[in-house]
Trainee: 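Starting off with a structure, shown below.
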Amino acid sequence: MSIFSLVTGRPGPSGYGSASTAEEVTEGIDASKLTVIVTGGGSGIGLETSRVLAFRGAHVIIAARNTDAANKAKQVILNEIENAKVDVLKLDLSSTKSVRSFVDNFHALHLPLNILINNAGVMFCPFQLSEDGIEMQFATNHLGHFLLTSLLLDKMKDTARTTGIEGRIVNLSSIAHLHTYEGGIRFQKINDERSYSDKRAYGQSKLANILHAKELSRRLQEVGANITVNSVHPGLIMTPLMRHSALLMRILKFFTCLLWKNVPQGASTTCYVALDPRLKGVSGKYYLDCNEMEPSAYARDQKLAKELWDFSNKLVASTAKS
C-alpha cells in the first residue's frame with residue numbers, strides 16, 4: 001500500500017483502508033456462533049478487538065497477564081454491550097508454565113474454540129530473560145504464542161470438524177519485522193546480551209510471528225484441517241505497548257503524525273482477518289490496512305520458517321523439563 005493510501009485512508013482492493021475502523025469492517029457480520037481467545041485483550045487494540053468481537057456476538061475470552069485490568073476492561077464492554085459474553089483468564093506469555101496453566105483452565109470451561117488472536121506482546125524492552133531463561137521479547141511475542149497455539153490446535157480442529165465452521169488464527173506482527181538482525185533470526189544468539197538491540201530484537205520477534213503463521217498454515221493445509229492462519233500489521237498506534245520508549249515514540253509521532261492510527265482503526269485489520277467471510281480458505285498471508293501485502297524476503301523464506309519451527313519446538317521442550 002502506498003504512502004498516499006496510508007495518509008489519505010484510500011481503500012484498497014478489500015474496500016477498506018487505513019482509516020477504516022474495526023466496527024466498519026465487521027458491519028453486518030454475525031459472530032454469535034463463535035468463541036474467540038484474544039491474548040492481551042484487556043488494553044489497547046486488544047481491548048478494542050475484544051469489544052468489537054463481543055459487539056458482533058462472539059463469546060470472547062480475554063487472556064491477560066494483569067487480570068485486574070482485564071476484568072475492568074470486561075466491565076467496560078458489559079456496560080456498553082449488556083448481553084456481551086466475555087470471560088477473563090490469566091495468561092503470562094513469557095512463562096511457558098503460565099501458558100500451560102491457561103490452556104488447562106480454558107479446557108475446563110468446556111467451550112469450543114473458533115478463533116485465536118495472538119495479539120499480546122512487549123516492545124523495545126531492555127535486555128532481560130524470562131523465567132524460562134529466554135530473551136524476553138522473543139519469549140513473549142513469539143515463543144509464548146507458539147506454545148499457546150500448539151496446545152490449542154486440537155481443540156480448534158475438533159471445533160472446526162464438529163461445527164463445520166472454519167477456524168482462524170491471527171498473529172499480530174508489525175512492519176518492524178523489516179528491521180531485524182542479520183539472517184533474520186539469530187538462533188545461536190537469542191540470549192546474547194552483548195549484541196542485544198531492543199529494536200532489532202523486537203523486529204526479530206515480529207518476523208517470527210509471520211514465519212510461525214506461514215509454517216503453521218502450510219502444515220494445516222497438508223493435513224486438510226479447516227483452519228486458516230494469517231498475520232497482520234495493525235499500523236502505528238500509541239498504546240501501552242510502547243511504555244519502554246514513550247519519549248521516542250512521541251517524537252516519532254510528531255514527525256510522522258499523518259501515518260498514525262487511533263485504536264479503533266488499529267484493531268480493524270485484526271477484526272477483518274478474523275471475521276470477513278471473503279477470506280474463507282485464505283491462509284499464510286500478511287495483511288496491512290485490511291489488504292494483503294507482501295512481507296520481507298526473510299518473512300517469505302520457507303527454509304527459515306521451518307528452522308524457526310524446529311528451534312521453537314526444542315525451546316518449548318527444554319522448558320517443559322526444567
Side-chain angles (χ1 to χ4, degrees), residues 1 5-12 14-32 34 36-64 69-70 72-86 115 117-121 123 168 170-176 230-243 246 249-250 252-253 256-279 287-293:
M1 186 161 289
S5 296
L6 287 171
V7 172
T8 63
R10 181 179 179 180
S14 68
Y16 306 119
S18 61
S20 301
T21 67
E23 283 198 22
E24 289 170 349
V25 305
T26 59
E27 185 175 358
I29 295 177
D30 179 7
S32 60
L34 305 178
V36 185
I37 291 175
V38 183
T39 69
S43 64
I45 60 174
L47 172 54
E48 178 66 1
T49 299
S50 299
R51 184 191 71 81
V52 171
L53 292 175
F55 182 55
R56 299 304 176 201
H59 185 172
V60 177
I61 311 298
I62 295 177
K72 290 178 181 177
K74 171 184 174 179
Q75 193 57 52
V76 168
I77 295 173
L78 292 175
N79 288 343
E80 178 188 342
I81 310 162
E82 185 177 353
N83 297 320
K85 293 173 287 184
V86 182
I115 300 173
I117 298 178
N118 291 321
N119 164 83
M123 181 180 186
R168 295 189 181 185
V170 184
N171 281 3
L172 265 75
S173 179
S174 169
I175 199 168
N230 293 290
S231 50
V232 306
H233 168 45
L236 294 172
I237 311 105
M238 190 68 72
T239 73
L241 182 64
M242 297 174 176
R243 59 187 174 275
M249 290 298 104
R250 288 192 180 97
L252 178 62
K253 187 173 182 179
T256 60
C257 59
L258 295 177
L259 301 181
W260 288 69
K261 296 181 177 183
N262 57 37
V263 169
Q265 292 168 340
S268 63
T269 305
T270 302
C271 291
Y272 169 75
V273 174
L275 292 185
D276 196 289
R278 293 174 296 175
L279 297 188
Y287 288 86
L288 165 65
D289 296 336
C290 302
N291 289 277
E292 183 183 339
M293 298 292 291

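Values below: every heavy atom of this structure, side chains too, minus hydrogens, waters and symmetry copies.
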Trainee: Any side-chain donor-acceptor pair under 3.5 Å between Asn171 and Ser173?
Mentor: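 No, no side-chain donor-acceptor pair sits under 3.5 Å.
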Trainee: Looking at every heavy atom in both Val36 and Ala58, which two are closest together, and how far apart are they?
Mentor: CG2-CB, 4.0 Å
Trainee: Which heavy atom in Asp289 sits nearest to a heavy atom in Thr269, and how many Å separate them?
Mentor: N-OG1, 3.3 Å
Trainee: So, Thr21 side chain and Pro264 main chain: donor-acceptor pair closer than 3.5 Å or not?
Mentor: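 The answer is no, because no donor-acceptor pair under 3.5 Å joins these two groups.
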Trainee: Could you walk me through whether Asn230 and Val170 pass the side-chain contact (heavy atoms from CB on, under 4.5 Å) check?
Mentor: CA-CA 5 Å; Asn230 293 290; Val170 184; 5.8 Å; no
Trainee: Does Gln265 reach the main-chain N or O of Asn262 with its side chain, forming a donor-acceptor pair under 3.5 Å?
Mentor: yes
Trainee: Could you note down all residue pairs passing salt bridge (Lys or Arg N to Asp or Glu O under 4.0 Å) where residues 40-50 supplies at least one of them, sequence neighbours left out?
Mentor: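 Every salt bridge (Lys or Arg N to Asp or Glu O under 4.0 Å) pair that includes a residue of residues 40-50, provided the two are not neighbours, is Glu48-Arg51.
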Trainee: As a quick check of understanding, evaluate side-chain contact (heavy atoms from CB on, under 4.5 Å) for Phe55 and Ile77, giving each step before the final call.
Mentor: CA-CA 9 Å; Phe55 182 55; Ile77 295 173; over 6 Å; no
Trainee: For Tyr272, is there any backbone N or O sitting under 3.5 Å from a side-chain donor or acceptor partner on Asp276?
Mentor: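 Flag not set: sc Asp276 to bb Tyr272 has no pair under 3.5 Å.
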Trainee: What residue pairs, at least two apart or across chains, pass salt bridge (Lys or Arg N to Asp or Glu O under 4.0 Å) with a residue in residues 54-64?
Mentor: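 Matches after skipping sequence neighbours: none remain.
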Trainee: Please give me the minimum heavy-atom distance between Leu47 and Gly42, naming the atom from each residue.
Mentor: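 Nearest pair, atom of Leu47 first, then Gly42: CB-C, 3.8 Å.
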Trainee: What is the minimum heavy-atom distance between Ile29 and Pro277, and which atoms define it?
Mentor: CD1-CD, 4.0 Å
Trainee: Is Ile117 close to Thr49 at the side-chain level, that is, under 4.5 Å between some pair of heavy atoms?
Mentor: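 When only atoms from C-beta onward are counted, Ile117 and Thr49 do touch, with a gap below 4.5 Å.
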Trainee: Check whether any side-chain heavy atom of Asn118 lies under 4.5 Å from a side-chain heavy atom of Leu172, and answer yes or no.
Mentor: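 No, every pair of side-chain atoms sits at 4.5 Å or beyond.
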Trainee: With side chain to side chain contact (heavy atoms under 4.5 Å, CB included) as the test, pick out the partner of Cys290 among Ser18, Ser268, Pro11.
Mentor: Ser268
Trainee: Any donor and acceptor pair, going by atom type alone, linking the side chain of Lys261 with main-chain N or O of Pro234 inside 3.5 Å?
Mentor: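 Judged by distance alone, yes, a pair lies under 3.5 Å.
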Trainee: Identify the two heavy atoms, one from Val60 and one from Ala54, that lie closest to each other, and give their separation to 0.1 Å.
Mentor: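 What the structure gives for the nearest pair is CG2-N, 3.8 Å.
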Trainee: Is a donor from one side chain sitting under 3.5 angstrom from an acceptor on the other, for Asn291 and Ser14?
Mentor: yes
Trainee: How close do Gly44 and Val263 get, counting heavy atoms only, and between which atoms?
Mentor: O-CG1, 3.7 Å
Trainee: Indicate yes or no for a side-chain donor-acceptor contact from His233 to the backbone of Leu288 under 3.5 Å, with no hydrogens or angles considered.
Mentor: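 Such a contact is absent between His233 side chain and Leu288 backbone.
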Trainee: Does Asn119 reach the main-chain N or O of Val38 with its side chain, forming a donor-acceptor pair under 3.5 Å?
Mentor: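 Judged by distance alone, no pair lies under 3.5 Å.
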